[in-house]
Amino acid sequence: MTIGTALIYDEEMTKYKLLWVDPACKIEVPERLTVSYEALVRNALADRCVSVPVREATDTEILLVHSEEYLEAVKKTPSMSLEDLKEFTLQYGDVYFHPNIYHCAKLAAGSALQLVDWVMTKRVRNGMALVRPPGHHSQRSAANGFCVFNNVAIAARYAQQKYGVKRVLIVDWDIHHGQGVQYCFEDDPNVLYFSWHRYEHQNFWPQLRESNYDSVGKEKGAGFNINVPWNQVGMKNSDYLSVFCHILLPVAYEFCPDLVLVCAGFDSAIGDPEGEMCATPEIFAHLTHLLMNLAEGKLCVVLEGGYNLTSLAQSVCQTVQTLLGDPLPQLADLSCPYRSALESLQCVRSAHRQYWSCLKHAAGLPPAHISTKRIKSVEGEAKTETGEDEKSTEENVWPEPPKRFSPTVRAASVLSDDVTCPDRCKRLNANQDVDPLIVSKLKDSFISDAGGCDTLARVITLVEKMVQNEIRSGLALVCDVTMAITCVVQHVTPDLNNRVLIVYVGNGTVPDHIARDGKTLVVQITSGNKQEQKSKYYIPVCLKNGCSDTSGFMHAVFSLLLPLGYEYNPNLVLLVRMPDSDVCDGVWQHLTGFLQSFAKGHTLVLLQENEKACVSPTASILLGDPAPPLENLQAPNKDDLNVMETLRDRLQLNWKLLQTISESTAAAVQQ
Ligand code: Q9C
Ligand code: ZN
């Protein structure tokens with residue numbers, strides 16, 4: 001089921017460049033593509049992908065987005081003289097033409113279409129296209145911002161037309177606003193466009209009023225255009241993750257796309273001269289992973305910007321490696337999102353609360369002091385275009401992302417022989433695989449019947465192999481979940497560096513001694529009333545209708561569990577399911593998928609013995625198969641929302657990634 005990842009690249013797209021002096025355009029160089037591709041080859045990633053050939057987009061395809069006049073004008077550029085090209089270029093903003101760029105622009109758009117073809121026909125699960133020129137700034141009748149044809153916009157229309165795809169999600173993580181994409185789909189409720197971008201109160205290119213958070217789409221498309229303006233430079237991993245957890249993911253799951261396209265600009269990464277942000281290349285592994293279970297895994301990533309060649313190449317590798325299914329890198333020391341980021345977050349959530357039921361409960365108004373008017377930058381403080389900011393680039397040194405090692409065994413199970421499970425999941429056998437030392441140790445510590453002890457010994461063996469990085473993730477049916485949790489925690493936490501995230505789904509009592517010292521963080525999603533929180537490290541989320549409530553459950557995952565997990569940064573995740581939990585398979589599968597963001601994918605799923613039916617669906621996710629779409633996410637129950645919001649309010653003092661309004665605003669509201 002886990003089919004491959006496409007990689008589209010052709011050297012031909014390196015064969016155009018800037019032929020005259022233009023400071024605005026000098027960063028868009030052919031090496032952007034060669035360094036990205038060479039890094040994929042060097043890291044043995046290119047070889048693991050399915051190499052898909054490029055093709056030119058046809059006139060008809062280009063005309064899905066662009067005007068005939070514009071296409072005809074661009075068609076003339078290959079035969080133009082240098083002077084004519086310069087002249088032609090002048091009518092557009094921050095773009096250049098070259099005799100070969102028309103050819104490359106057709107290949108770039110065609111690459112995006114090839115990717116859509118291969119994904120839609122299931123020849124691959126997902127993929128990435130490395131293309132030049134980029135696309136997201138180009139408009140119906142205009143080139144702009146290094147872009148000639150709008151590759152991703154064309155791909156979205158093409159998917160709708162050729163494959164009858166209904167809903168397309170476009171995630172634009174480039175640091176510039178893809179205004180071309182916004183204009184194309186502004187009034188279209190079937191294409192949800194999300195973009196975050198450096199904005200600085202309209203002082204950053206392209207300096208458009210309509211890039212602000214209050215441009216939400218028009219007419220029928222109202223609510224389907226989401227702009228997240230960054231009003232300061234220096235945004236970091238936690239700022240990006242916060243926007244994913246508190247805006248994009250809940251909305252994307254409610255939208256329930258049939259296809260996801262990414263405008264993948266890596267100028268949003270550290271070291272980039274345009275973005276001047278501080279997010280590390282590893283963040284793109286996480287952004288990619290968080291999108292990988294939407295649309296049954298149909299994810300097409302298309303290169304846009306990215307101008308620091310080192311940062312770009314590393315970010316591309318992180319993205320492709322994630323598409324291939326390798327374990328995610330840990331994101332250590334996630335700090336509090338910046339106040340400016342929280343202000344933007346709050347503005348976006350309040351602007352969209354009328355359109356999305358997952359945001360209904362968001363604070364009603366943007367903070368009072370935030371104006372949508374342009375704030376003129378102060379003289380002297382303003383960044384000039386004269387290249388005077390070398391300093392900031394120098395300060396940005398970052399370590400090369402560590403190698404992401406993949407254990408040889410992707411998933412293993414501890415099951416009795418009568419329980420069926422996909423063959424790709426390795427069964428840990430009682431006789432061959434268990435260290436007798438573990439068995440005798442267990443017999444000493446726990447009073448238990450011989451059978452139970454044998455299972456526990458296999459579970460501990462499994463955990464040990466996960467710690468040793470021989471196995472990535474595991475699954476076990478045990479007769480006493482509480483006992484199993486205790487054993488596992490006692491086995492791994494004596495190592496002072498180990499932290500275990502325990503996600504406990506359903507009713508039952510988590511042993512008191514476990515959730516106290518910070519070596520474990522317990523998040524329990526349950527029905528009915530749990531007593532007051534015992535410590536910072538025991539967090540009960542009580543849903544009125546229990547875990548059967550899909551919307552409430554997913555809301556808890558996005559607004560609580562993911563931020564908590566990222567901030568806690570565990571080395572092991574224990575996912576526990578009680579028999580009466582009533583959580584539906586689909587929700588369970590998405591939860592299992594999300595948890596693999598943490599602990600380098602080391603997730604151990606513990607199921608109480610009569611939960612045999614969910615063994616296969618769980619194993620399939622651990623093995624990397626995409627989860628089925630969750631259709632029809634309704635508004636979460638009002639009482640549940642209140643419970644979760646109250647919880648978030650209370651916990652955000654300790655857990656900073658839970659915040660959705662800035663502290664200054666919170667203080668102002670309380671006065
Ligand atoms: N320093 C893409 O990333 N403006 N295009 C440069 C401001 C043009 C970016 C001048 C930036 C275009 C695809
Ligand atoms: Zn860009």
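Atoms within a ligand are numbered from 1 in the order they appear, just like the ligands themselves. Since the model is a prediction, treat every value here as computed from it, not as a measurement.
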Next on the checklist: Taking Asp267 first and then Arg198, would you say they form a salt bridge - that is, a charged N and a carboxylate O separated by under 4.0 Å?
Outcome noted: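 No salt bridge links Asp267 with Arg198.
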Item to check | Cationic N near anionic O, under 4.0 Å, Lys76 to Glu72 | outcome: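 No, Lys76 and Glu72 are not salt-bridged.
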Item to check | Which segment of Ile27 sits under 4.0 Å of ligand 1 when only heavy atoms are counted | outcome: neither
Checklist outcome for this item: Logged contact type for His136 with ligand 1, heavy-atom cut-off 4.0 Å, is side chain
Can you list the ligand 1 atoms lying under 4.0 Å from a non-hydrogen atom of [X]?
X: Ala24; result: 6 (C)
X: Pro134; result: 13 (C)
X: Asp267; result: 3 (O)
X: Asp174; result: 3 (O)
X: Asp94; result: 4 (N), 6 (C), 8 (C), 10 (C)

Checklist entry - Nearest 0.5 Å, what's the CG-CZ distance between Leu18 and Phe146? => result 9.0 Å
Determine whether the side chains of [X] and [Y] contain a donor N or O and an acceptor N or O closer than 3.5 Å.
X: Tyr16; Y: Glu28; answer: yes
X: Asn227; Y: Ser195; answer: no
X: Asn144; Y: Gln179; answer: yes
X: Ser597; Y: His289; answer: yes

Next on the checklist: So which atom in Cys358 and which in Glu254 form the shortest heavy-atom distance, rounded to 0.1 Å?
Outcome noted: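 Closest heavy-atom pair between Cys358 and Glu254: N-OE1, 2.9 Å.
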Checklist outcome for this item: In short, Ser242 meets Gln659 closest at the heavy-atom pair OG-O, 4.3 Å
Checklist entry - Looking at Asp267, which of its N, O or S atoms is the nearest one to the Zn ion (ligand 2)? => result OD2
Checklist entry - Would you say Glu274 reaches the Zn ion (ligand 2) with an N/O/S atom under 2.8 Å? => result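 No, Glu274 does not qualify, because none of its backbone or side-chain N, O or S atoms lies under 2.8 Å.
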Next on the checklist: Can you tell me if, anywhere in His137, an N/O/S atom lies at a distance from the Zn ion (ligand 2) that is smaller than 2.8 Å?
Outcome noted: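 So His137 does not count as coordinating the Zn ion (ligand 2).
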Checklist entry - Would you say Tyr307 contacts ligand 1, with heavy atoms under 4.0 Å as the rule? => result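 Yes, Tyr307 has a heavy atom closer than 4.0 Å to ligand 1.
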Polar-atom distance check: [X] versus ligand 1, any N or O pair below 3.5 Å?
X: Gly145; answer: yes
X: His176; answer: yes
X: Trp205; answer: no

Checklist entry - Under 4.5 Å between any side-chain heavy atoms of Pro257 and Val168, yes or no? => result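 No, every pair of side-chain atoms sits at 4.5 Å or beyond.
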Checklist entry - To the nearest 10 degrees, how large is the angle at the Zn ion (ligand 2) between His176 ND1 and Asp174 OD2? => result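 With the Zn ion (ligand 2) as the vertex, ND1 (His176) and OD2 (Asp174) sit 160° apart.
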